[in-house]
Amino acid sequence: MRIGYPCINWTLDCKTDRTFRLKSYSEDRLIETVENNLDCLLRVLEFNVRNNILFFRITSDLVPFASHPICQFRWQDFFREKFEKIGAFIKRYDTRISMHPDQFVLINSKDKKVFERSRRELLYHAEVLSLMKLDTSVKIQIHIGGVYKDKMKSIERFIKQYNRLDSVIRKRLVIENDDVSYTLSDCLRIHSRIGVPVLFDILHHRINSSGQNVEDALTLISSTWKRQDGVPMVDYSSQKKGKRQGRHAETIDMRDFKNFLVKTKDFDFDIMLEIKDKEKSALKAVEITLSDVRFLKIKIPKMKKFISAF
DNA sequence: TCACGTCAAGCAGAT
DNA sequence: ATCTGCTTGACGTGA
């Protein structure tokens with residue numbers, strides 16, 4: 001099991017998701033921003049390895065406007081070596097990477113233009129991971145999309161339009177149950193048709209449940225991940241107390257987390273902590289898994305000492 | 001230096 | 001009809 005957090009590290013004094021306004025787009029601006037984001041990404045990954053955090057979600061904002069028509073610059077060629085260097089670091093320390101395109105990516109949209117924009121955005125995500133030379137266990141997670149007042153038709157449209165996606169996208173795509181529309185059972189039904197692995201989101205399952213307990217859910221999703229997909233990925237977060245359902249907590253609820261670890265001790269998976277304070281909660285989670293013999297299945301870096309990445 | 005209006009993209013649910 | 005949340009505030013103009 002690896003423990004991770006998404007996109008942002010608050011401890012370091014750099015950002016991996018710096019951006020700018022579309023109106024201020026220029027090649028110089030793009031180069032400057034991407035250079036900053038990639039350099040920072042390597043620093044974040046090194047911070048993570050030093051702290052036994054071997055799972056990390058890379059931000060979709062790494063290359064601003066990458067899938068927008070305004071971007072004609074070949075950032076792939078310009079930054080090829082930097083991407084390779086980051087990828088080498090990731091592989092060397094056996095870090096698991098994921099990406100999560102944002103809410104505008106909709107495979108099952110009724111609007112051809114929305115589907116085409118989504119395809120281009122997914123291609124950008126797949127390109128980033130290919131440039132890092134990462135294998136197909138490195139996944140891009142998306143939700144099923146909109147319901148458009150007819151869930152059955154929208155699921156069929158998802159399947160049809162999924163099959164039109166480029167193979168570089170399909171081999172990395174995984175689907176995740178969401179908090180309002182598509183449940184775990186909906187995702188499993190889609191898996192049975194097209195074989196796409198299912199990522200299990202604990203909090204979404206609590207809010208928008210299809211009835212399974214956590215153990216049964218993990219059994220079900222585990223069989224959707226094949227050898228080339230790596231171990232299953234799970235999104236974990238605590239509900240923010242007294243707030244609207246689905247809001248993420250400020251920091252990890254250690255009692256709830258320990259309960260979860262005990263319940264799931266017989267499964268192997270990588271866990272993404274979707275919690276506001278990011279690496280702080282990940283550090284707490286790593287600490288408990290390393291200090292309590294009941295949870296000793298956590299992965300630690302292959303090499304104790306490592307050469308500085310920068 | 002700082003306040004604050006606005007930012008590529010879509011949907012669903014709340015107000 | 002309009003606003004908010006989503007994985008996350010922060011860019012950039014004007015004073």
Side-chain angles (χ1 to χ4, degrees), chain A residues 4-26 29-30 32-33 36-37 40-41 44 55-71 97-125 139-151 154 157-158 161 176-183 186 199 201-204 207-208 233-240 243-250 252 271-282:
Chain A
Y5 61 98
C7 305
I8 294 172
N9 178 302
W10 296 116
T11 304
L12 297 175
D13 60 355
C14 70
K15 293 177 81 260
T16 63
D17 62 348
R18 250 183 56 194
T19 186
F20 49 86
R21 296 282 99 94
L22 179 57
K23 277 199 302 195
S24 355
Y25 182 93
S26 72
R29 191 69 191 272
L30 184 74
E32 181 200 334
T33 306
N36 167 85
N37 290 350
C40 183
L41 177 58
V44 171
F55 190 20
F56 186 68
R57 184 184 297 163
I58 294 178
T59 177
S60 298
D61 293 332
L62 199 65
V63 183
F65 305 106
S67 72
H68 190 282
I70 200 171
C71 181
I97 295 296
S98 68
M99 293 187 87
H100 191 344
D102 62 29
Q103 62 274 24
F104 311 109
V105 169
L106 294 160
I107 301 304
N108 78 344
S109 178
K110 297 165 105 162
D111 184 335
K112 280 199 172 81
K113 293 198 294 293
V114 173
F115 171 73
E116 186 51 29
R117 278 200 293 272
S118 300
R119 194 181 70 84
R120 287 176 55 92
E121 178 73 356
L122 287 169
L123 266 181
Y124 148 62
H125 284 75
K139 296 302 187 188
I140 300 169
Q141 64 188 88
I142 55 164
H143 297 291
I144 307 306
V147 170
Y148 310 95
K149 299 190 169 75
D150 187 336
K151 193 186 258 191
S154 297
R157 200 167 45 250
F158 180 93
Q161 299 189 158
E176 175 187 356
N177 57 305
D178 70 71
D179 57 344
V180 286
S181 304
Y182 293 93
T183 62
D186 294 327
L199 186 155
D201 186 305
I202 310 281
L203 182 58
H204 291 165
I207 297 160
N208 181 29
M233 305 196 306
V234 170
D235 280 358
Y236 173 92
S237 53
S238 308
Q239 168 73 45
K240 183 164 177 168
K243 286 286 176 180
R244 200 195 107 249
Q245 284 213 326
R247 283 293 295 275
H248 291 162
E250 297 298 324
I252 190 167
I271 184 163
M272 180 63 64
L273 303 177
E274 293 190 326
I275 302 189
K276 297 256 186 232
D277 68 1
K278 305 288 181 184
E279 78 281 4
K280 286 202 182 68
S281 284

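The figures that follow rest on heavy atoms only: side chains count, while hydrogens, waters and symmetry mates do not. Given the structure is predicted, the values throughout are model-derived calculations rather than measurements. We name chains A, B, ... by the order of the sequence lines, and we start the count at 1 in each one.
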ask   = Is there a donor-acceptor pair closer than 3.5 Å between any side-chain N or O of Lys151(A) and the backbone N or O of Ser181(A)?
value = yes
message = How many whole angstroms separate atom NE2 of His143(A) from atom P of dA12(B)?
response = 13 Å
remark   = To the nearest angstrom, the CD1-C1' distance between Ile142(A) and dC11(B) comes to 14 Å
message = Roughly how many Å apart are dA8(B) and dT13(C), using the P atom of each and rounding to a whole number?
response = 12 Å
query = For the pair made of NZ in Lys15(A) and C1' in dT8(C), what is the distance, rounded to whole Å?
reply = 8 Å
query = Would you find a donor on one side and an acceptor on the other, under 3.5 Å apart, between the side chain of Asp277(A) and the backbone of Lys280(A)?
reply = no
key: Nucleotide dC6(C), atom P - distance to CG of Asp17(A) in whole Å   = 16 Å
query = Whole-Å distance between dC11(B) C1' and Lys151(A) NZ?
reply = 14 Å
Distance between P atoms of dT7(C) and dG5(B) (Å, rounded) = 27 Å
task = Could you check if a side-chain atom of Tyr25(A) sits within less than 4.5 angstrom of a side-chain atom of His68(A), using non-hydrogen atoms only?
result = no
task = Could you give the distance separating dT8(C) and dC2(B) at their C1' atoms, to the nearest angstrom?
result = 23 Å
task = Quickly work out the Glu274(A) CD to dT8(C) P distance and round it to whole Å.
result = 8 Å
key: Euclidean distance for P, dA9(B) against dG12(C) (whole angstrom)   = 16 Å
ask   = Hey, does the side chain of Tyr236(A) reach the backbone of Leu203(A) with a donor-acceptor pair shorter than 3.5 angstrom?
value = no
key: Option passing side chain to side chain contact (heavy atoms under 4.5 Å, CB included) with Pro6(A) (candidates Arg57(A), Met99(A), His100(A))   = Arg57(A)
task = Return the nearest nucleotide to the side chain of Arg21(A); candidates are dG9(C), dA9(B), dG10(B).
result = dG9(C)
task = Would you give the length of the straight line joining atom CG of Asp235(A) to atom CG of Leu199(A), rounded to the nearest 0.5 angstrom?
result = 5.0 Å
request  = Could you tell me the separation between the CD atom of Gln103(A) and the C1' atom of dC3(C), rounded to a whole number of Å?
outcome  = 15 Å
task = Would you indicate, yes or no, if dT7(C) has its OP1 or OP2 atom less than 4.0 angstrom from a side-chain nitrogen or oxygen of His204(A)?
result = yes
query = So what does Ser24(A) hit on the nucleic acid, given a heavy-atom distance under 4.0 Å: a base, only sugar-phosphate, or nothing?
reply = sugar-phosphate
ask   = Over how many whole Å does the gap from Arg18(A) atom CZ to dG9(C) atom P extend?
value = 18 Å
ask   = If you round to the nearest 0.5 Å, how far is CD1 of Ile97(A) from NZ of Lys139(A)?
value = 14.0 Å
ask   = Within less than 4.0 Å of OP1 or OP2 of dT8(C), is there a side-chain N or O belonging to Lys276(A)?
value = yes
request  = Check the pair Asp186(A), Thr183(A) against side chain to side chain donor-acceptor pair (under 3.5 Å), reporting the backbone distance first and the verdict last.
outcome  = CA-CA 5 Å; Asp186(A) 294 327; Thr183(A) 62; 3.2 Å; yes
remark   = Picking from dC11(B), dT7(C), dA10(C), the nucleotide nearest the side-chain atoms of His100(A) would be dT7(C)
message = Heavy atoms only, 4.0 Å cut-off, all strands: where does Lys149(A) land among base, sugar-phosphate and nothing?
response = nothing
note = Applying the Watson-Crick and G-U criteria (both distances under 3.5 angstrom) with [ ] for crossing and | for other-strand pairs, one obtains for DNA chain C ||||||..|||||||
request  = Answer with base, sugar-phosphate or nothing: what part of the nucleic acid does Thr19(A) contact at a heavy-atom distance below 4.0 Å?
outcome  = sugar-phosphate
ask   = Counting any heavy atom closer than 4.0 Å, what does Val105(A) reach on the DNA or RNA strands: base, sugar-phosphate only, or nothing?
value = nothing
request  = May I ask you to say what Asp178(A) touches in the nucleic acid, namely base, sugar-phosphate or nothing, with a heavy-atom cut-off under 4.0 Å?
outcome  = nothing
ask   = Across the strands shown, which category fits Phe65(A) at heavy-atom distances under 4.0 angstrom: base, sugar-phosphate, nothing?
value = base
request  = Ignoring the backbone of Val180(A), work out which of dC6(C), dG13(B), dG12(C) is nearest its side chain.
outcome  = dG13(B)
inquiry  = What's the closest nucleotide to the side chain of Arg29(A) if the choices are dG12(C), dG9(C), dA8(B)?
reply    = dG12(C)
request  = Classify the nucleic acid contact of Pro101(A) as base, sugar-phosphate or nothing, counting any heavy atom under 4.0 Å across all strands shown.
outcome  = base
request  = Provide the distance between the two P atoms, one in dT6(B) and one in dT2(C), to the nearest whole Å.
outcome  = 15 Å
request  = I would like to know whether Glu121(A) and Ser67(A) meet side chain to side chain donor-acceptor pair (under 3.5 Å); could you show each step before the answer?
outcome  = CA-CA 5 Å; Glu121(A) 178 73 356; Ser67(A) 72; 2.6 Å; yes
task = Would you classify Arg120(A) as touching base, sugar-phosphate or nothing, given that sugar-phosphate means primed atoms plus P, OP1 and OP2, and contacts are heavy atoms under 4.0 Å?
result = nothing
task = Would you say whether Phe104(A) stacks on dG10(B)? The test is a distance between ring centres of less than 5.5 Å and an angle between planes of less than 30°.
result = no
